[in-house]
Q: 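Submitted below is the structure of interest, expressed as structure tokens.
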Number of protein chains: 2
Amino acid sequence: MPELLDLHGRTSKALRALAEAAMQRHGLHLGQDHLLAALWERDGRTPGEIAAAVRVTTPAVVKMAGRMVTAGWITRRPDERDNRLVRLWLTDAGQALREPVEAARRQLEDQVTAGLTGDERAALLSALTKVHDTATALLTEPTASTDRDGPPLADR
Amino acid sequence: MPELLDLHGRTSKALRALAEAAMQRHGLHLGQDHLLAALWERDGRTPGEIAAAVRVTTPAVVKMAGRMVTAGWITRRPDERDNRLVRLWLTDAGQALREPVEAARRQLEDQVTAGLTGDERAALLSALTKVHDTATALLTEPTASTDRDGPPLADR
DNA sequence: GCGATGTCGTTAACCGGTTATCGTTCTGCT
DNA sequence: AGCAGAACGATAACCGGTTAACGACATCGC
């Protein structure tokens, strides 16, 4: 098992578990915070816009949004001018989640990086950015071993 | 959105998409290669043993194994001595996947780290190991903000 | 104005994950 | 031998993801 892929995967799983626990304290599933963050940034986005911002597919957003409408954090309304479009809007409860959820994410970031010096953190960000950019480029270019394009850019 | 968590998450999604594409060329879903790897290492393991080795839950292994039995890569047989136990065994087809799948993972590792110098790679592994160890420790210790223990160690 | 094409959300089916629950079997103690 | 507790896998329900397909609506070109 290749070293970086293994370590990155294990770290990802651990970080996700921590983030899941942190979000759960606010009644959220991991991932819902990303959808909310997109609306905190600009309320009234369409599922397609959110999907692009969060780097998932539209059906993923639609399904998640359905549960979040039920939970009372967002509402769904058709666009006034284009009947194909639906727009998602934060409720007061959804707005109220912003400060505690962002604080929880910041706290988690501080906790997991507490063991790094400033230089180590900078080197980690720099190297990880290179890996991310390389991986992203591989995803968007046709591969020599197949006839079809790679899958679309995946980001989370 | 905190910087390292965001970058790590985006990188994780990109790497997983690449790995998924690579596994798909062999008919595998991402994750199934981990289960196979556990059996390549020691054939005849129980779902619980595989779950522990791969750091997921037993139901996850049971469900995945069901599909892999159907696909013809593994078979399931009861243990000879303990009727509670089931053991999963590689088929010839499952064995035959080892070399190409391991080669694909190694190739992917080489590709995504191609942009790093030796020092950068070493620094990345070192810092990421620290983050992983910190996150893992946070997962296994009771948190001051809640009464219950954190979720079990998550690894993938 | 009309038809072809593009855009959008919705739905279904699939996937790997999780927790909770249950029935069966095993182990250890009396 | 009998019982209580532990261990195990199976199942259900839930979750966030994916791809494929479809109907409705909008846009574009003739």
Q: Is there a chain of hydrophobic side chains (I, L, V, M, F, W, Y, each step under 4.5 Å between heavy atoms) that links B:Trp89 to B:Trp73?
A: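 B:Trp89 and B:Trp73: separate clusters.
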Q: Determine whether the aromatic ring centres of B:His8 and A:His132 lie less than 6.0 Å apart.
A: no
Q: Expressed as a whole number of angstroms, how long is the span from B:Asp79:CG to D:dC8:P?
A: 11 Å
Q: Establish, with yes or no, whether the OP1 or OP2 oxygen of C:dC14 is under 4.0 angstrom from a side-chain nitrogen or oxygen of A:Lys63.
A: no
Q: Taking CD1 from A:Ile50 and C1' from D:dG16, how many angstroms apart are they, rounded to a whole number?
A: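 After rounding, the reported distance stands at 15 Å.
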Q: Which of the following nucleotides, D:dC15, D:dC8, C:dG16, is nearest to the side chain of A:Arg67?
A: D:dC15
Q: Whole Å only: how far is the CG atom of A:Leu85 from the C1' atom of D:dA26?
A: 10 Å
Q: With a 4.0 Å cut-off on heavy atoms, is A:Arg81 in touch with a base, just the backbone sugar-phosphate, or nothing at all?
A: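 Result for A:Arg81 = sugar-phosphate.
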Q: I'd like to know if A:Glu3 pairs up with B:Arg121 as an ion pair, taking the criterion as any Lys NZ or Arg NE/NH1/NH2 lying under 4.0 Å from an Asp or Glu carboxylate oxygen.
A: yes
Q: Expressed as a whole number of angstroms, how long is the span from B:Met23:CE to D:dT18:P?
A: 19 Å
Q: Give A:Val86 one of three labels, base, sugar-phosphate or nothing, depending on what nucleic acid heavy atoms sit under 4.0 Å from its own.
A: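 Sugar-phosphate contact only.
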Q: Rounding to an integer number of Å, can you tell me how far A:Glu80 CD sits from D:dA26 P?
A: 14 Å
Q: I want to verify a distance call: between D:dG9, D:dT18, C:dT18, whose nearest atom is closest to the B:Thr46 side chain?
A: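 So the side chain of B:Thr46 is nearest to D:dG9.
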Q: Send over the distance from A:Arg77 CZ to C:dG9 C1', rounded to a whole Å.
A: 17 Å
Q: Rounded to whole Å, how long is the line connecting atom CG of A:Asp33 with atom P of D:dC15?
A: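 Rounded to the whole Å, the gap is 16 Å.
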Q: Map A:Gly48 and B:His29 onto DNA chain C by nearest heavy atom, then report which one ends up closer to the 5' terminus.
A: A:Gly48
Q: I want to confirm an ordering. Mapping A:Met68 and B:Val62 to their closest nucleotides on DNA chain D, which one lands closer to the 5' end?
A: B:Val62
Q: Between B:Arg105 and B:Glu109, is there a salt bridge with N-O shorter than 4.0 Å?
A: no
Q: Donor-acceptor pair under 3.5 Å: do we get one between A:Arg84's side chain and the base of C:dT7?
A: yes
Q: With the side chain of A:Arg76 defined as its heavy atoms from C-beta on, choose the nearest nucleotide among C:dG16, D:dA26, C:dT10.
A: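 When the side chain of A:Arg76 is considered, C:dT10 is the closest of C:dG16, D:dA26, C:dT10.
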Q: Do B:Arg87 and B:Glu80 meet the salt-bridge criterion of a basic N to acidic O distance under 4.0 Å?
A: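 No, this pair does not count.
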Q: Name the residue closer to the 5' end of DNA chain D, choosing between A:Ala60 and A:Asn83 according to the nucleotide with the nearest heavy atom.
A: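 Checking each residue's closest nucleotide, the 5'-ward one belongs to A:Ala60.
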Q: Using whole Å, report how far CD of B:Glu20 lies from C1' of D:dT19.
A: 11 Å
